[in-house]
Amino acid sequence: MSATSCDVLIAGGGMVGAALALSLARGGLAVALVELHPPAVFAAPDGEHDLRVSAINRASQRLFQALGVWEGMRAMRVSPYQAMEVWDAGGNGHIRFEARELGEPDLGHIIENRVVQRALWDALEAEPGVTRFCPDAVTHLDISAREARVTLESGVRITASLVVGADGARSRIREMAGIGLDSRRYDQQALVATVRTALPHRETARQRFLPTGPLAFLPLADGRCSVVWSADDERAEQLRDLDDAAFREALAEGLDHRLGAVLESGQRAAFPLRGSQARHYVRPRLALVGDAAHTIHPLAGQGVNLGFQDARTLVEVLLHGGTGDPGELRLLRRYERARRGDNVVMMRAMELFRYGFGSALPPLALGRNLGLRLADRAGPIKKTLARRALGLDSPRPPCRPG
């Protein structure tokens with residue numbers, strides 16, 4: 001049984017965990033990255049799109065650029081979009097955002113999760129400050145005042161100053177640390193597919209709020225769209241069981257035929273939706289990031305961007321906090337204070353949108369449609385909403401002692 005040591009051990013080498021590992025290593029820390037599943041190989045830019053995609057905002061893009069992985073993602077496949085339209089099926093409320101109104105080249109990029117992870121892992125292969133253990137998993141965690149001791153499934157024992165749980169919504173690290181989770185089921189499922197439509201998407205992301213949940217068509221660079229339909233459980237199961245022709249017709253009707261007929265639809269998958277917040281993001285010598293710390297409704301596409309903001313903040317705190325001990329609780333609490341409040345606010349905001357737009361009550365229907373129309377005409381409000389979604393106004397993580 002071999003043994004080793006590091007400054008920071010990260011459990012979970014997905015998008016957020018890999019970005020965190022690369023950032024910390026570039027900052028001079030010795031990092032161990034533990035991941036059970038090696039990232040998928042990206043075959044060719046003209047191959048089939050993966051069903052799992054993320055809307056990457058400008059703040060996350062800047063992180064990738066700083067890490068030197070953005071060009072690698074572009075070489076594989078990224079899909080910029082220039083505009084976004086949101087409207088309500090229960091009225092005439094509508095809002096449209098355009099990149100040119102902000103003086104930006106685009107409003108973000110739709111990128112397959114495997115592309116993001118692959119580009120980060122390609123960079124990790126050349127990073128001497130990161131030791132990867134893959135395929136492997138943490139089976140035992142013991143935390144003392146001075147260090148954290150971890151045992152892996154392979155039998156390797158690792159001593160670290162800090163352990164970070166970046167291992168997803170069902171985080172084993174969170175469970176091993178005894179951190180509770182406040183979670184609520186949304187009684188919805190996200191149905192995802194890749195489709196081709198009769199009319200061009202014109203690099204515009206579209207989302208229509210239906211009584212049973214929002215339907216989004218996200219533009220892909222090859223002219224197709226990635227569909228995310230967050231529908232109530234009963235409706236989601238109906239959609240899942242439709243034959244291809246009926247499913248395509250339901251999609252076209254759901255989007256109010258804005259892109260004409262849906263000509264092709266590929267494989268479908270459905271994922272249950274829930275919102276969650278870890279009761280604590282940190283313990284002595286332990287921190288949680290990304291889905292291990294929080295999950296939100298996907299209607300605004302901000303989930304993974306919040307995770308990357310977690311990573312940026314934790315890196316800033318650890319590298320510039322001034323204590324020299326990455327596992328010190330007082331240091332880690334700066335990270336928790338900087339991130340937990342913002343993440344809770346975002347989760348509640350998404351829930352408010354979901355319930356508000358899903359209600360058929362006349363006062364709510366009138367209010368939400370009026371709100372969309374007013375926001376579309378109110379330049380400063382509209383610009384603030386767009387900048388917030390892009391991550392252009394993300395505050396710099398605080399690193400003051402406290």
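Everything numeric here is computed off the predicted structure, so don't read it as measured data.
- The side-chain hydrogen bond (donor to acceptor under 3.5 Å, both in side chains) test applied to Glu125 returns Arg118, not counting sequence neighbours.
- By the side-chain contact (heavy atoms from CB on, under 4.5 Å) test, Asp50 pairs with Arg52, Glu112, Arg114, sequence neighbours left out.
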What pairs of donor and acceptor atoms, side-chain ones from residues 280-288 against any protein atom, are under 3.5 angstrom apart with sequence neighbours left out?
from	atom 1	to	atom 2	distance (Å)
Tyr281	OH	Gln277	OE1	2.7
Tyr281	OH	Asn343	ND2	3.2
Arg285	NE	Ala145	O	3.0
Arg285	NE	Arg146	O	3.3
Arg285	NH1	Ser161	O	2.9
Arg285	NH1	Asp325	OD1	3.0
Arg285	NH2	Ala145	O	3.3
Arg285	NH2	Asp325	OD2	2.9

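- Using a distance-only test at 3.5 Å, with no hydrogens or angles considered, no donor-acceptor pair links the side chain of Asp136 to the main chain of Val34.
- What you find for Ala292 and Arg174 is that their closest heavy atoms are O-NH1, 2.9 Å.
- Under 3.5 Å, the side chains of Asp106 and Gln82 contain no donor-acceptor pair of N or O atoms.
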### Task
Given side chain to side chain contact (heavy atoms under 4.5 Å, CB included), test Phe308 with Val116 step by step and report yes or no.
CA-CA 12 Å; Phe308 288 129; Val116 176; 4.1 Å; yes
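- Evaluation of the side-chain hydrogen bond (donor to acceptor under 3.5 Å, both in side chains) rule for Glu336 yields no partner, not counting sequence neighbours.
- Of the possible polar contacts, none joining the Ser226 side chain to the Leu218 backbone as a donor-acceptor pair under 3.5 Å is found.
- Nearest heavy atoms, Leu36 versus Ala137: CD1-CB, 4.4 Å.
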All N/O donor-acceptor pairs, side-chain side in residues 68-75, below 3.5 Å, sequence neighbours left out:
from	atom 1	to	atom 2	distance (Å)
Glu71	OE2	Arg74	NH1	3.4

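- Panel note: side chain Arg26, backbone Leu67; a donor-acceptor pair is recorded below 3.5 Å.
- A salt bridge is absent between Asp167 and Arg172; no separation between the charged side-chain nitrogens and carboxylate oxygens falls under 4.0 Å.
- With sequence neighbours left out, Arg206 forms a salt bridge (charged side-chain N to carboxylate O under 4.0 Å, His left out) with Glu85.
- Here CD of Glu104 is found 14.0 Å from CD of Glu98. Values are rounded to the nearest 0.5 Å.
- Listed by chain and residue number, nothing satisfies the side-chain contact (heavy atoms from CB on, under 4.5 Å) test with Glu175 (two or more places apart in sequence, or in another chain).
- Take Thr204 and apply the side-chain hydrogen bond (donor to acceptor under 3.5 Å, both in side chains) test, not counting sequence neighbours, and it matches no residue.
- In terms of heavy-atom proximity, Pro326 sits nearest to Leu162 at O-CD2, 3.6 Å.
- In summary, the side chains of Thr151 and Thr139 do not present any donor paired with an acceptor at a separation below 3.5 Å, with no hydrogens or angles considered.
- Nearest heavy-atom pair across Glu147 and Thr159 is OE1-CG2, 3.2 Å.
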### Task
Could you give me the CA-CA distance, side-chain angles and deciding distance for Leu318 and Tyr335, then say whether side chain to side chain contact (heavy atoms under 4.5 Å, CB included) is met?
CA-CA 9 Å; Leu318 295 184; Tyr335 157 70; over 6 Å; no
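- Side-chain contact of Asn57 with Ser60: a donor-acceptor pair under 3.5 Å is present, judged by distance alone.
- Contact annotation: the side chain of Asp342 never approaches that of Gln309 to less than 4.5 Å [non-hydrogen atoms, C-beta and beyond].
- For Glu35, the side-chain contact (heavy atoms from CB on, under 4.5 Å) test picks out His37, Trp121, Cys134, with sequence neighbours left out.
- Aromatic ring orientation, His297 versus Tyr186: tilted (interplanar angle from 30° to 60°).
- Side-chain contact check for Arg224 and Thr194: no donor-acceptor pair (N or O, by modelled atom type) lies under 3.5 Å.
- Between the side chains of Gln61 and Arg58, a donor-acceptor pair is found at a separation under 3.5 Å.
- With sequence neighbours excluded, the residues that form a side-chain contact (heavy atoms from CB on, under 4.5 Å) with Ser79 are Ile110, Leu220, Ala221.
- The two residues Leu259 and Cys225 come nearest to each other via the heavy atoms CD1-SG, 4.1 Å.
- Between the Glu127 side chain and the Gly129 main chain, a donor and an acceptor come within less than 3.5 Å of each other.
- For Ser23 (side chain) and Arg312 (main-chain N/O), no donor-acceptor pair under 3.5 Å exists by modelled atom type.
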N/O donor to acceptor pairs below 3.5 angstrom from side-chain atoms of residues 244-255, sequence neighbours left out:
from	atom 1	to	atom 2	distance (Å)
Asp244	OD1	Arg268	NH2	2.9

### Message
Determine whether Asp310 and Thr313 satisfy the following criterion, side chain to side chain contact (heavy atoms under 4.5 Å, CB included), listing intermediate values before the conclusion.
### Response
CA-CA 5 Å; Asp310 292 347; Thr313 303; 6.0 Å; no
List the atom pairs, donor and acceptor, that lie under 3.5 Å between side-chain atoms in residues 5-16 and the rest of the protein, sequence neighbours left out.
from	atom 1	to	atom 2	distance (Å)
Asp7	OD2	Ala30	N	2.8

### Task
Apply the test side chain to side chain contact (heavy atoms under 4.5 Å, CB included) to residues Ser54 and Ile111: give CA-CA distance (whole Å), side-chain angles for both, the deciding distance (0.1 Å), then the verdict.
CA-CA 5 Å; Ser54 294; Ile111 311 180; 5.9 Å; no
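- The local environment of CD in Gln65 is crowded, with over 12 non-hydrogen atoms from other residues, nucleotides or ligands closer than 6.0 Å.
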